[in-house]
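Here is the structure we will look at.
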Amino acid sequence: MAGEGSGEGGERTGAQKGLTGFVTHDSMKLHACLIGIHPECPDRITRILKEFQAEGILEHERLVQVPPRSVLDEEIETVHTGKHHSYVDSLAELRGPALKTESARWDSVYFNRHSSLAARMAAGSCVAVTEAVCNRTVRNAVAIVRPPGHHAEEGCCMGFSLYNNVAIAASVARKRFNVPKVMIVDWDVHHGNGTQAMFERDPSVLYVSIHRYDNGKYYPEGRAGDPTTVGQGDGEGFSVNIGWSQGKNKIGDAEYLLAFNQVVMPIATEFNPDLVFVSAGFDAARGDPLGGCLVTPECYARLTHMLCGLAEGRVIMALEGGYNLTSISSSFAECAKVLLGDAPPPFEEELKAPHKGAIKDIAKTISAHQKYWSQLLPRASGDSGQPEPPLPLETQVSSMSIADGSDSHGPTDHSAIPEPIELSSSPMSPDPTSELAPLRAAKLAAAWYSRKSPFSKHYKMIPIDSQKVDDDSWLVRYTVTPDTGEVYDRHFTFVYTKDKWHCVAMASWDPSAPPLRDEFDKIEAPVVWESIKDWIPTSPRKGTTYDAKTPK
């Protein structure tokens with residue numbers, strides 16, 4: 001991938017400006033079922049665009065229209081066979097009964113004479129926004145495309161999918177743009193069997209799926225989405241499956257946030273991807289007729305926000321499933337707003353403790369992947385530094401925080417942005433463009449959290465240094481010291497708006513740190529700014545543990 005340097009004449013790149021690419025095309029609405037009403041319908045695009053328009057997304061100053069295009073044969077053949085795209089192309093010559101006959105050959109697929117055109121445009125549009133991100137024309141992107149793709153296998157149409165849109169785009173990124181490591185997060189409620197199969201032997205592609213599994217009885221059924229399925233050969237450990245087996249109406253925000261906080265993000269930060277794709281199915285959303293889950297738009301926004309801390313924000317989100325037109329539209333809109341730079345909205349309802357069965361499901365994934373990812377190993381403790389005999393994984397997971405600095409027990413403010421840190425009335429109030437601004441803001445933030453935290457006896461947090469990201473945002477590095485004595489690096493993003501500093505995200509974890517919780521709500525800050533340079537080296541190496549004394 002090209003570097004982040006300025007363009008010609010010193011102009012900042014679209015990535016540096018935080019631009020978001022956007023692509024869709026009306027030809028993708030021509031793909032429609034010939035028999036009755038089908039949930040994967042053209043109105044899915046229409047309603048999402050209507051919601052984007054109502055929310056002001058389509059007129060946003062940071063949104064960049066990326067020209068849609070049809071996928072090339074050689075791009076398809078990075079993951080599919082030539083025979084497969086020849087077959088899909090041949091559908092354009094068929095009519096009526098012949099199309100129905102061909103549809104019946106496959107598992108949960110329909111065709112009309114426009115299906116090949118729509119499928120090529122869907123895959124090509126995903127490649128187009130990938131090119132824009134890799135070329136630094138934009139920082140991130142959304143692709144409102146259909147038919148979906150994550151069920152399509154190398155030579156097989158399946159599950160409403162003709163071509164595997166995200167897999168094609170990811171493969172193009174790897175082969176054309178030499179992107180070293182790609183992560184695909186698939187939060188469609190159905191397991192992405194096609195995507196996993198295409199990369200299951202490839203250690204350069206990390207595939208993570210959160211889906212309903214129901215012990216192998218939920219579509220697409222079988223063992224592919226089982227937590228113990230981890231990839232093959234060199235790709236062993238790079239297929240991560242979090243499969244819910246609790247049935248309908250049991251899995252929602254708390255469970256998804258816990259899974260992200262304890263499995264997805266720790267593995268992701270250790271993998272350290274250069275580009276992130278989201279197979280963004282919204283059929284786990286509340287009200288979906290197929291999914292039977294309870295995820296809200298606010299939760300999807302938070303998941304997006306966490307992923308934006310990876311790969312310098314290079315996140316490409318492509319539509320997969322989702323069949324409640326209201327929930328799919330509002331959920332995708334909230335994700336798009338986060339990609340454009342908005343903070344996730346607060347939860348409208350108080351989060352409850354995660355379902356006990358879901359905790360067991362997460363523990364199965366952790367157990368299957370502990371030998372591949374050090375972030376999932378039991379943390380060392382005691383004077384010897386050796387791991388203590390671990391508790392049962394279900395017990396460990398149940399004691400962990402859900403996310404956003406919240407504890408899963410009791411009423412908690414789950415707002416994405418904590419109470420603003422008022423600087424305008426402070427004698428230390430900095431100009432946001434000043435080099436000292438983020439350091440002073442970080443100091444005040446640490447002090448604020450130490451007052452708020454019910455766990456302040458167990459953690460100490462000290463800001464070390466900072467880096468300007470945009471005109472109004474900074475990345476601040478802290479050391480977080482648990483009472484066990486280790487020292488870990490943490491990066492948090494601060495955004496300056498309306499004379500207030502907002503602490504909006506933990507952007508990355510130190511690979512050596514235990515992935516037990518979001519430290520924000522569990523820290524104490526010894527506010528001794530002048531002592532920092534004496535306590536820690538000027539440029540501490542990531543992952544180093546220091547034998548240091550807390551400054552007095």
Side-chain angles (χ1 to χ4, degrees), residues 24-25 27-34 38-42 44-45 70-71 75-81 83-92 99 102-112 114-127 143-172 184-200 207 209 211-212 218-222 224-225 277-284 288 290-291 316-323 328:
T24 192
H25 195 265
S27 64
M28 289 180 274
K29 294 191 285 186
L30 297 175
H31 173 66
C33 188
L34 297 172
H38 195 282
E40 205 293 283
C41 62
R44 297 173 68 235
I45 288 181
S70 181
V71 70
E75 293 168 340
I76 298 174
E77 290 172 15
T78 61
V79 295
H80 291 287
T81 64
K83 182 178 179 180
H84 180 68
H85 70 70
S86 295
Y87 169 78
V88 175
D89 287 342
S90 71
L91 299 171
L99 285 167
E102 290 304 314
S103 299
R105 289 183 55 194
W106 305 101
D107 180 359
S108 304
V109 175
Y110 69 78
F111 302 127
N112 71 1
H114 302 294
S115 295
S116 174
L117 170 66
R120 276 188 173 266
M121 188 62 72
S125 294
C126 288
V127 173
I144 303 176
V145 297
R146 63 175 293 274
H150 71 150
H151 291 306
E153 297 184 347
E154 183 183 29
C156 173
C157 299
M158 180 179 175
F160 311 163
S161 304
L162 280 65
Y163 295 133
N164 198 313
N165 308 319
V166 167
I168 291 171
S171 186
V172 168
I184 300 173
V185 178
D186 188 338
W187 66 44
D188 189 283
V189 79
H190 303 95
H191 178 249
N193 56 288
T195 310
Q196 179 174 288
M198 288 169 173
F199 298 112
E200 64 184 352
Y207 176 74
S209 178
H211 52 272
R212 265 187 71 179
Y218 192 75
Y219 191 89
E221 302 181 348
F277 287 90
V278 182
S279 276
F282 295 101
D283 38 7
D288 189 271
L290 302 184
I316 298 169
M317 184 170 290
L319 180 64
E320 295 282 1
Y323 309 103
I328 187 177

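Nearest heavy-atom pair across N165 and G149 is ND2-N, 3.8 Å. Among all heavy-atom pairs drawn from R146 and I45, the shortest one is CG-CD1, 3.4 Å. Closest of all the heavy-atom pairs between E320 and D188 is CB-OD2, 3.6 Å. Here the shortest heavy-atom pairing between L117 and L30 reads CD2-CD1, 4.0 Å. The nearest pair of heavy atoms linking C33 to H38 is CB-CB, 3.7 Å. Nearest approach of M121 to S27, heavy atoms of both residues: CG-OG, 3.5 Å.
E40 places a side-chain heavy atom less than 4.5 Å from the side chain of P148. Counting heavy atoms from C-beta outward, H85 and E77 have side chains that approach closer than 4.5 Å. Residues D186 and Y207 are in side-chain contact: their nearest non-hydrogen atoms beyond the backbone lie under 4.5 Å apart. Contact check for H150 versus V166: no side-chain heavy atoms found under the 4.5 Å cut-off. Within the 4.5 Å cutoff, the side chain of W106 has no heavy atoms near those of the M158 side chain. Side-chain contact between E102 and Y87: present, with at least one pair of heavy atoms (C-beta onward) separated by less than 4.5 Å. When side chains are defined from C-beta on, H80 does not count as touching V88, because their heavy atoms never get closer than 4.5 Å. Two residues are said to be in side-chain contact when any heavy atoms from C-beta on lie closer than 4.5 Å; C126 and F277 fail this criterion.
Side chain to side chain, H114 and N112 fail the donor-acceptor criterion of an N or O pair below 3.5 Å. Residues N193 and H151 bring a donor and an acceptor atom of their side chains to less than 3.5 Å of each other.
T24 places a side-chain N or O within donor-acceptor distance of the main-chain N or O of I144, the cut-off being under 3.5 Å. Checked by atom type and distance alone, the side chain of T195 never pairs as donor or acceptor with a backbone atom of A167 at under 3.5 Å. Checked by atom type and distance alone, the side chain of W187 pairs as donor or acceptor with a backbone atom of G281 at under 3.5 Å.
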For Y110 and H31: C-alpha separation, side-chain torsions, deciding distance, then whether side-chain contact (heavy atoms from CB on, under 4.5 Å) applies.
CA-CA 9 Å; Y110 69 78; H31 173 66; 3.3 Å; yes
side-chain contact (heavy atoms from CB on, under 4.5 Å) evaluation trace for V79 with Y163:
CA-CA 9 Å; V79 295; Y163 295 133; over 6 Å; no
Derivation and outcome, side-chain contact (heavy atoms from CB on, under 4.5 Å), residues V189 and D288:
CA-CA 10 Å; V189 79; D288 189 271; 5.7 Å; no
Start with the C-alpha distance between H84 and E153, add both sets of side-chain angles, then the distance that settles side-chain contact (heavy atoms from CB on, under 4.5 Å), and finish with yes or no.
CA-CA 10 Å; H84 180 68; E153 297 184 347; over 6 Å; no
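To the nearest 0.5 Å, the span separating OH on Y323 from SG on C41 amounts to 10.0 Å. Put simply, CD on E75 and OG on S70 are 9.0 Å apart, with the number rounded to the nearest 0.5 Å.
Aromatic ring orientation, Y219 versus H190: perpendicular (interplanar angle above 60°, classes split at 30° and 60°).
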